[in-house]
Amino acid sequence: MKLDWVSGRVELTHGGGGRAMARLVDELFKSAFSNPLLDAGNDQATFTVPAGRMVMTTDGYVIHPLFFPGGDIGSLAVHGTVNDVAMGGARPLYLSAGFILEEGFPLADLKRIVTSMAAASAEAGVPIVTGDTKVVERGKADGVFITTAGVGVVYDGVEVSSDRARPGDVIIVSGTIGDHGVAILSVREGLEFDSEIRSDSMALHRLVETMVQVAPGLRVLRDPTRGGVAATLNELAQASAVGMELDEAALPIRPQVRGACELLGLDPLYVANEGKLLCICPPEDADRLLAAMRAHPQGQDAAIIGQVVADDHRFVTMATSFGGRRVVDWLAGEQLPRIC
Amino acid sequence: MKLDWVSGRVELTHGGGGRAMARLVDELFKSAFSNPLLDAGNDQATFTVPAGRMVMTTDGYVIHPLFFPGGDIGSLAVHGTVNDVAMGGARPLYLSAGFILEEGFPLADLKRIVTSMAAASAEAGVPIVTGDTKVVERGKADGVFITTAGVGVVYDGVEVSSDRARPGDVIIVSGTIGDHGVAILSVREGLEFDSEIRSDSMALHRLVETMVQVAPGLRVLRDPTRGGVAATLNELAQASAVGMELDEAALPIRPQVRGACELLGLDPLYVANEGKLLCICPPEDADRLLAAMRAHPQGQDAAIIGQVVADDHRFVTMATSFGGRRVVDWLAGEQLPRIC
Amino acid sequence: MKYVDEYRDGAKAREIAAVIGAEVQPGRRYNIMDFCGGHTHSIARFGLEDLLPPSVRLIHGPGCPVCVLPTGRIDSAIELARRPDVILCSYGDMLRVPGSGRDSLLKAKADGASVRIVYSTLDALKVARQNPDKTVVFFAIGFETTTPPSALALLQAHAEGLENFALFCNHVMTPPAMRAILTSEERVPLEGVIGPGHVSVITGSQVYQPFAEQWQLPIVISGFEPLDLLQAILMLVRQVNNGRAEVENQYARALQQDGNPKARQVIEQVFTLRPSFEWRGFGALPDSALSIRPEFAAFDAEARFALPYRSVPDHKACACAEIVRGLKRPQDCRIFGTACTPDHPVGSCMVSSEGACAAHWAYGRFRDQQQGAAQ
Amino acid sequence: MKYVDEYRDGAKAREIAAVIGAEVQPGRRYNIMDFCGGHTHSIARFGLEDLLPPSVRLIHGPGCPVCVLPTGRIDSAIELARRPDVILCSYGDMLRVPGSGRDSLLKAKADGASVRIVYSTLDALKVARQNPDKTVVFFAIGFETTTPPSALALLQAHAEGLENFALFCNHVMTPPAMRAILTSEERVPLEGVIGPGHVSVITGSQVYQPFAEQWQLPIVISGFEPLDLLQAILMLVRQVNNGRAEVENQYARALQQDGNPKARQVIEQVFTLRPSFEWRGFGALPDSALSIRPEFAAFDAEARFALPYRSVPDHKACACAEIVRGLKRPQDCRIFGTACTPDHPVGSCMVSSEGACAAHWAYGRFRDQQQGAAQ
Amino acid sequence: MCLAVPAQVVALLPDGMATVDVAGVKKDVSVALVDGLAVGDYVILHVGYALNRIDADEAARTLALLAEIGQLDEARQELLDGGAA
Amino acid sequence: MCLAVPAQVVALLPDGMATVDVAGVKKDVSVALVDGLAVGDYVILHVGYALNRIDADEAARTLALLAEIGQLDEARQELLDGGAA
Ligand code: SF4
Ligand code: SF4
Ligand SMILES: [Mg+2]
Ligand SMILES: [Mg+2]
Ligand SMILES: [Mg+2]
Ligand SMILES: [Mg+2]
Ligand SMILES: [Mg+2]
Ligand SMILES: [Mg+2]
Ligand SMILES: [Mg+2]
Ligand SMILES: [Mg+2]
Ligand SMILES: [Mg+2]
Ligand SMILES: [Mg+2]
């Protein structure tokens with residue numbers, strides 16, 4: 001008897017280690033993600049690497065709802081981890097994927113997610129080479145959680161780290177901010193609104209490759225996900241023991257994102273992104289880097305949004321469009337959980 | 001205000017990307033797991049590797065209950081993934097850890113888990129170099145889920161894979177079977193029983209190192225976790241297109257495990273292990289390997305339990321203690337979920 | 001393990017098997033029905049059939065309660081579980097049993113029905129205490145062995161005023177099934193019966209006396225360990241050889257002739273004979289099952305939820321109906337091992353480890369293949 | 001965004017600020033209270049204080065409903081949320097407000113209390129429809145602006161017989177707070193008031209006429225965009241300069257003099273004056289708040305759950321009581337930014353983005369540090 | 001708490017509801033408190049309810065006034081600049 | 001379904017319960033169906049209930065019988081072996 005991909009649901013046996021589980025793994029995961037390393041069928045993938053520096057990263061994806069304009073938890077779980085590898089100044093090589101499934105989750109939805117994940121992995125050229133599936137009782141999870149890990153090889157001569165920002169450095173964002181978080185909110189129960197806003201979820205490693213070619217001396221790369229640009233810059237200021245000064249007028253924000261934020265009382269600086277990066281580079285690299293980013297399809301809206309300053313208080317501040325200046329603190333306001 | 005490690009609970013803000021989350025990460029995860037790679041504080045860890053073959057693996061841990069005789073989800077999440085690296089014939093190098101926390105989970109329990117995880121990682125000498133934390137609403141998870149990934153370097157000249165078993169090969173188990181699953185069941189609501197059975201959860205990479213030194217030509221290494229020895233051997237028989245013949249009398253099983261299985265109507269062959277490995281090796285290596293395993297503290301109860309045979313049906317069979325023979329099929333019986 | 005290990009001695013098993021092999025008489029047929037599912041399971045688990053001479057043929061009987069419960073009863077249990085006000089507690093074996101369509105308690109659970117696996121009715125009572133806003137229904141199935149625990153649970157709920165507890169009673173009795181086997185027109189030829197050990201611990205062995213007499217049928221009530229079973233088979237072979245037809249008790253360590261009167265008294269107190277009950281394979285059998293006495297109607301899920309019984313035909317291809325009556329063997333079913341496997345059982349006999357098809361899957365299938373290969 | 005962008009023109013803002021700077025008269029003091037939390041928030045968000053001349057000092061008033069709600073009311077909300085039969089629906093701002101001890105709705109939620117953040121009372125009604133077995137209580141707080149949505153929700157529940165819906169009513173009124181400020185013995189010296197724009201959209205501007213007259217106080221009701229506020233400040237500066245004390249309406253695009261009579265009629269229909277209500281900072285103020293009319297008692301959580309009100313003293317170190325009355329500034333609180341931060345607020349003023357302490361944290365703190373560094 | 005934004009009515013719905021548009025973002029809200037709304041009207045939107053209609057004429061007047069303040073200032077600035085030059 | 005295992009009573013508890021031991025594994029079960037149990041007794045345990053006491057004498061008798069079967073067989077085997085030799 002086949003798995004019922006139309007009206008079937010995840011059952012506890014699909015995680016029990018028996019033949020039902022083997023069938024789910026074969027028919028769904030192995031078939032969607034197929035590549036020589038995964039197909040070897042071991043509990044681990046084996047591959048050859050050159051000597052050098054590597055990065056490893058992981059992220060859990062618990063986004064709610066699972067499907068949203070511009071993506072789903074599957075594509076997000078690929079993009080997010082590919083990006084965290086790339087933000088290490090590295091070329092992503094391989095991904096692993098751990099699924100936690102809730103009993104009763106529709107197999108059709110699972111297939112849709114896995115298919116989207118496979119497409120994102122193929123598009124990025126970063127295969128999923130090993131994985132794991134667990135099933136928990138109904139009411140002990142929320143449909144699907146995915147945890148991906150990624151490894152990659154650091155580009156020669158590149159050294160990025162959150163503690164490398166120096167006063168005088170320039171802060172660049174690769175495009176419009178807030179798109180992902182607002183797209184999620186637009187389909188959250190109780191908040192629903194109609195808009196053309198789509199998540200920006202995408203893999204940024206090709207943009208990073210272009211960037212490190214043009215400016216191998218760039219200091220910091222970071223994707224402003226949870227907590228948005230504000231949280232990320234505060235983290236970086238903290239790690240580098242510097243202050244930062246943003247220019248509100250320079251922030252690229254889509255009008256609809258701005259509108260949704262007004263409607264909901266949010267500040268786009270705190271809204272999550274999943275296809276944007278922040279880069280901090282020496283001032284002499286900034287123009288060249290910006291030009292290269294803008295010439296890249298993933299960086300067309302890139303903008304210099306501020307600079308690093310010396311500040312013992314490690315404040316991130318922003319010159320408002322009115323000539324005022326305010327602190328851009330970490331988020332402490334409304335709760336917008338499960339954004340990634 | 002400090003985190004309240006006595007009566008505090010996980011709140012949604014602890015996963016929100018703000019300062020509350022940064023504090024949880026700093027005070028708990030970074031402090032417990034501290035090592036130079038993690039301390040760098042980036043979204044990815046950077047390390048240097050030699051040229052060669054590497055392995056990557058991942059597993060999600062959703063075990064219930066979280067604490068059990070002989071371990072907890074934290075130590076398990078280290079041992080399980082270290083073992084999956086080791087089962088690739090590799091020396092484990094680094095781990096990543098992704099936490100999914102349920103709102104309301106006691107911080108004291110979380111600390112206990114993370115501390116145990118840190119101890120397991122230290123004991124194994126395999127540091128946790130990067131991680132992630134997500135918080136989901138109460139009722140959307142079951143306390144804590146942990147997904148670890150691991151990377152390691154394959155020992156020179158070693159090549160193990162689930163498809164390498166050949167007729168005539170010898171099947172060795174590194175010790176008593178069923179201890180982990182029975183230890184879990186002993187503390188499951190509705191099944192509770194008193195016993196001295198403790199989970200066998202432990203990291204086996206040092207045993208593997210000894211084994212590959214003695215018998216670099218060993219063919220298959222696999223830890224018989226979910227589904228137990230039965231599921232693992234069936235998977236291997238499938239992958240290698242062979243049959244297997246076990247000898248019931250040779251199976252090392254603790255009397256209390258046998259007793260618990262009688263009581264609950266279980267077969268120890270299907271019960272999960274978290275500190276045992278199955279090895280398939282050419283017959284000429286078997287005695288040497290067995291001797292070396294028995295001389296190692298992690299393999300004192302190692303035993304030859306059967307052999308690989310040619311069988312187009314890929315049956316795993318067992319000679320019973322009565323001179324009969326039966327199929328050892330995959331598990332299709334009772335549901336014993338959340339064993340790992 | 002005392003009372004276990006000494007009955008699992010492999011060397012001794014081969015000795016007894018040798019004696020059986022020596023004592024069977026050429027030309028004689030020894031068709032022996034292992035009535036009880038527990039016996040079926042032990043025979044498979046320990047590979048006993050391989051030890052026996054060809055003339056001793058073991059035929060699995062109807063003594064697997066999971067197997068003989070008809071689809072309509074599974075449907076009712078699923079219906080109960082799907083009620084938002086009900087938590088259904090069940091022994092684990094029942095979860096994969098197919099109901100109508102492709103339904104099962106396991107699927108219903110995945111759909112959101114509250115189904116809890118319990119080890120004991122004691123646990124079902126606990127669930128009821130912990131969930132005062134739900135009705136906790138225990139899916140009570142089984143022969144006489146399993147009936148007293150259900151009865152005690154009901155009495156306990158009654159005593160402590162646990163009003164949200166109920167039984168969905170499907171308890172059946174062994175003698176009517178045995179009678180149905182022996183009176184069936186398509187009766188399988190039998191030289192002896194291995195009588196159910198744990199059922200008899202409750203009922204006593206005398207309930208089988210009429211069968212031995214009326215049908216001149218050797219009956220040996222047996223324990224569940226391999227040596228028990230081999231000894232029982234030897235005792236049956238000897239009765240056949242000697243032309244005797246008695247009820248003998250191999251399981252004397254657990255089974256007194258009178259059974260357990262206290263357990264029977266508890267059954268009597270709670271349950272009453274159901275005029276008719278449908279069995280898979282047998283159809284409706286009169287006086288073959290129990291229902292809850294009217295004075296305990298408040299604890300009777302059938303009364304409480306006005307559950308109507310609907311008879312549902314088995315899957316067309318499924319031979320369970322013949323198998324539980326000993327008329328067919330699992331390998332005679334044309335979907336055995338193909339459409340019907342333990343992972344995706346089509347009939348109930350493929351579900352419980354005591355079911356004939358499940359047992360043959362785990363044991364005989366291998367032998368089939370070897371025989372196939374040998375041909 | 002129409003009606004937004006044109007009021008956020010930075011260049012124009014500096015022009016108006018320059019005019020204000022030019023028009024303030026040397027030696028004169030312009031202490032201006034921004035009564036409304038929405039104004040406090042805009043001032044901080046757009047950094048308006050940096051644009052103003054030193055003689056124009058903005059003093060945050062009591063117009064943040066989160067700030068003025070006393071601890072006892074938070075405790076009651078937490079108590080309701082912890083009831084297993086209740087789902088408490090609340091605007092998001094309330095979740096981190098500290099109750100007694102270290103409690104908050106957020107902590108209660110982590111402990112298992114059902115707390116749902118809603119964007120609108122419309123959503124609270126939805127929750128009630130979806131959870132017929134629970135009582136869904138909407139934690140109704142706010143000034144006149146936020147009162148009509150609560151009233152309409154109650155009327156809607158009444159109309160559709162949604163009996164499991166209730167309001168925990170904490171609606172307060174602006175004029176009594178303004179009166180309390182102006183009649184306080186420790187009255188802060190004020191030259192003008194920025195009147196609440198959205199409150200006035202409901203009440204109309206005439207409710208402030210008595211204050212302008214009695215205390216000879218210039219009042220300009222203002223919109224919430226930076227140009228609105230700068231214009232209102234300019235209008236106040238001019239009134240001060242000219243010795244006028246009028247109620248002027250800067251927010252004419254949204255605010256008709258008569259307000260919204262229909263909204264007031266809905267308020268009138270559902271609510272009645274509460275004889276006395278405790279405010280943080282002010283203590284019990286007579287006729288300062290609303291309660292649900294007896295005819296709607298079925299929808300009144302206080303009546304339904306017999307909630308007693310217990311007054312609870314503020315945290316010893318917290319200066320919120322003085323801050324909401326304009327007597328202290330956040331930086332005058334000795335635990336501001338140390339024990340009390342937005343992550344771990346000790347007082348209510350550190351919670352809502354409209355609270356004076358939260359606003360100062362996000363804006364003035366930086367200025368404090370710079371001043372500190374300059375010294 | 002008193003957060004309210006201008007929103008344009010793009011469709012009137014039954015039961016006192018309407019779809020409004022905020023910078024291209026559309027949401028269904030209650031307009032029960034505001035009589036006689038037509039598609040195209042702007043309202044002040046607060047916690048899912050329209051509180052009042054926005055008066056386009058008054059808005060224009062306010063903007064004109066704001067512009068005027070600027071102009072006066074500019075004029076003065078020019079004066080000042082001229083004086084300084 | 002009829003799975004039952006021998007278990008030794010190690011403690012008698014109130015309310016018709018007892019702690020039993022199966023190969024070192026201890027569990028609390030109901031002994032309400034079996035009167036007069038003492039610590040040390042063995043019972044047949046089924047779904048959390050003791051169904052009956054195990055009779056040590058009868059068990060010994062069965063074992064003796066089993067042993068005898070073996071011996072007879074051995075004797076015959078020896079006979080056969082002797083015959084063949
Ligand atoms: S194999 Fe399946 S379908 Fe066939 S008789 Fe057995 S249970 Fe029924
Ligand atoms: S800083 Fe905190 S404690 Fe101090 S007045 Fe403000 S809210 Fe109260
Ligand atoms: Mg990461
Ligand atoms: Mg990430
Ligand atoms: Mg795995
Ligand atoms: Mg990142
Ligand atoms: Mg793995
Ligand atoms: Mg594993
Ligand atoms: Mg992360
Ligand atoms: Mg493994
Ligand atoms: Mg139910
Ligand atoms: Mg509650």
Under 4.5 Å to a heavy atom of chain D? For L33(E) that would be both
As an exercise, state the distance from NZ of K2(D) to CD of Q8(E), rounded to the nearest 0.5 Å. 7.0 Å
Out of P149(D), A252(D), G259(D), A263(D), return the one with the most heavy atom pairs under 4.5 angstrom to chain E. P149(D)
Could you check whether any side-chain heavy atom of L122(D) comes within less than 4.5 Å of a side-chain heavy atom of M17(E), counting everything from C-beta outward? yes
Atom CG of L66(E) and atom CD1 of I16(D): how far apart are they, to the nearest 0.5 Å? 4.5 Å
Do V47(E) and Y91(D) have side chains that get closer than 4.5 Å, going by heavy atoms? yes
Heavy-atom cut-off 4.5 Å, strictly under: side chain, backbone, both or neither for V266(D) against chain E? side chain
Residue part contacting chain D, namely of A60(E), when any heavy atom lies under 4.5 Å: neither
For P6(E), which residues count as a side chain to side chain contact (heavy atoms under 4.5 Å, CB included) partner, sequence neighbours excluded? Y3(D), V4(D), I54(E)
Let me confirm one number: the CG-CG distance from D55(E) to L255(D), rounded to the nearest 0.5 Å. 11.0 Å
Distance-only side-chain donor-acceptor flag, T62(E) / Y7(D), under 3.5 Å: no
Between CD1 on residue I202(D) and NE2 on residue H46(E), distance to nearest 0.5 Å: 8.0 Å
About how many Å separate CG of L3(E) and OG1 of T146(D), when rounded to the nearest 0.5 Å? 10.0 Å
Spacing of L227(D) atom CG and L65(E) atom CG [to the nearest 0.5 Å]: 11.5 Å
Give the minimum heavy-atom separation between A23(E) and M1(D), together with the two atoms involved. CB-CG, 3.2 Å
For I69(E), the option from E15(D), K12(D), Q231(D) that meets side chain to side chain contact (heavy atoms under 4.5 Å, CB included): Q231(D)
Cut-off 4.5 Å, heavy atoms of chain E, and the answer for L230(D) is neither
Measure distances from Q265(D) to the heavy atoms of chain E and classify the residue's part below 4.5 Å as side chain, backbone, both or neither. neither
How close do A32(E) and K262(D) get, heavy atom to heavy atom, and via which atoms? O-NZ, 2.7 Å
Do N52(E) and Q256(D) have side chains that approach each other closer than 4.5 Å (heavy atoms only, starting at C-beta)? yes
May I ask you to test the Y251(D)-I44(E) pair for a side-chain heavy-atom distance under 4.5 Å? yes
So S120(D) and Y49(E), do their side chains get closer than 4.5 Å, heavy atoms only? yes
